[in-house]
There are 2 protein chains.
Amino acid sequence: MQPSAQFSTRQRILGAAEALFAERGFAGASLRQVTAAAKVNLAAVNYHFGSKDNLIEEVFRRRLDELSHHRLENLAKLEATGNASLETVLDAFITPALELSLDRKGGSVFMRVLARAFAEHNSSLRRFLSENYGYVLKDFAAAFARVLPHLDKQELYWRLDIAVGALTYAMADFGVIQRRSGESERAYREQMARHLIHFTAAGLRA
Amino acid sequence: MQPSAQFSTRQRILGAAEALFAERGFAGASLRQVTAAAKVNLAAVNYHFGSKDNLIEEVFRRRLDELSHHRLENLAKLEATGNASLETVLDAFITPALELSLDRKGGSVFMRVLARAFAEHNSSLRRFLSENYGYVLKDFAAAFARVLPHLDKQELYWRLDIAVGALTYAMADFGVIQRRSGESERAYREQMARHLIHFTAAGLRA
DNA sequence: CTAGACTTCAAACGATTGTTTGAAACGCGA
DNA sequence: TCGCGTTTCAAACAATCGTTTGAAGTCTAG
């Protein structure tokens, strides 16, 4: 387990897999395409990850560990300072995803991979995500319940379900809106986040 | 081209393909799985549709022709009677999808297939959908512009993009909300449509 | 410098992929 | 009943799939 060597091969596989999963889906991207893009040997995937399914899980783990941490950290900060409102809770959820998609080159494509996970009815993948990161959504649901006290539980869950859909879809860039020529990636993403918070807050509050 | 024979084999392939595409994706569902589920010979797909890609397009065409017609019909009726408002235009868009998902057994799974199409960056599939059904979205965008005159074009497009995401995601049943035990499929779907219109109208108007 | 663990490599495994083939079965007008 | 276009069928095609293998290469601790 040499740190440098392991980092290089493992990380390059994860990066190439992430990009190809976003573009062609989990079944549509083959390990040969992944290893070719990563410029590593085909057998390296099974050596480092054991199987394709494990590779898929690791692609999620690499990003979601950090993303979930930032989201909950933001939420805790709001609760501690008493600044929790509908808009700030939404911001606590959205901004880390925004930063991730701007941070590294692969960040924005990961949001597409994440959106694909929702479309997959693959039960083992859903179980993996629910078991490892379900508590994040639970904590946020509780926070939303606190800032939307007039909604009963059933009503709140319906609206959160719709809101998550809007956020997932938008952050994955599935829409038709294109970045204008003079506009930077950062400016485009920040505008999207602003619209998302505005739209979703209105829908949740209505 | 005997009507009865053609109907039977073709239609059974389309039904089985629709279900398996919804469950496993376009790349994840093989023609052998499709033909086995449809109880037809493997070669029947290439005989009746030419290729897997053509089969995928036909799965969309079968539902979208009718769906688009109903949507535009509803919209035209609103314009003719002067009843066009934000809620009624949304209803004109959503209700046909609701009816489709309740009408036939395969209707609800088709909405999942449609949502998968958004996740696919497959350019030929996107081109097929845009060329054949893009005018529906264009007509509705114009209608929304009329009932939301205070929004400038750029602002409207942002919000419609988000709204389409919310609708697509929700109608595909990607969320975590489950039908309650005593609740009928129809009641569940109608409640979802009601929440969707309410949420989206608020987001668009805000 | 050597021993030994770690990593990479080319090659091959059986299984499965979309597609094609040519013959068999079918259905219907003459 | 015959003949012919339409449809179905089992079988096979080359290509690709995820995975495994054992040897070659690389690295560091002793």
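Computed from a prediction, not measured in an experiment: that's the story for all the values here. In what follows, every chain begins at residue 1, and chains take the letters A, B, ... in the order their sequences are listed.
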>> Looking at A/Asn41, I'd like to know whether one of its side-chain N or O atoms comes within less than 4.0 Å of OP1 or OP2 on C/dT7.
In response: no
>> What is the separation between atom CZ on B/Arg32 and atom C1' on D/dC17, rounded to the nearest whole Å?
In response: 13 Å
> Parallel under 30°, tilted from 30 to 60°, perpendicular over 60°: which one fits the rings of B/Trp158 and A/Tyr188?
Replying inline: tilted
> Taking NZ from A/Lys52 and P from D/dT16, how many angstroms apart are they, rounded to a whole number?
Replying inline: 15 Å
> Between B/Asn46 (CG) and D/dT8 (P), how many Å, whole number?
Replying inline: 14 Å
>> Please tell me if B/Ser30 has a side-chain N or O lying less than 4.0 Å from either OP1 or OP2 of C/dT17.
In response: yes
> Among D/dC9, C/dC9, C/dT19, which nucleotide sits nearest the side chain of B/Leu31?
Replying inline: C/dT19
> Could A/Arg112 and A/Glu23 be called an ion pair, given the rule that one side-chain N must be under 4.0 Å from one carboxylate O?
Replying inline: no
> Which whole-number value in Å describes the distance from B/Ile13 CD1 to C/dT19 P?
Replying inline: 13 Å
>> Applying a 4.0 Å non-hydrogen cut-off, can you work out what A/Ala43 is touching in the nucleic acid: base, sugar-phosphate, or nothing?
In response: base
> Is the closest basic N to carboxylate O distance between B/Asp173 and B/Arg189 below 4.0 Å?
Replying inline: yes
>> Expressed as a whole number of angstroms, how long is the span from A/Leu20:CG to D/dG18:P?
In response: 11 Å
> Please give, in whole Å, the distance from D/dA15 C1' to A/Gln33 CD?
Replying inline: 13 Å
> Between A/Phe21 and A/Phe26, is the ring centre distance below 6.0 Å?
Replying inline: yes
> Does OP1 or OP2 of C/dT8 have a side-chain N or O of A/Thr9 closer than 4.0 Å?
Replying inline: yes
>> Salt bridge or not between B/Arg62 and B/Glu57? Use side-chain N to carboxylate O under 4.0 Å.
In response: no
>> Whether A/Ser51 contacts D/dG18 is assessed here as follows: a side-chain N or O lying under 4.0 Å from the phosphate OP1 or OP2. Is that the case?
In response: no
>> For B/Leu42 and A/Tyr47, find the nucleotide of DNA chain C closest to each by heavy atoms; which residue's nucleotide sits nearer the 5' end?
In response: A/Tyr47
> Does B/His48 put a side-chain nitrogen or oxygen below 4.0 Å from OP1 or OP2 of D/dT6?
Replying inline: no
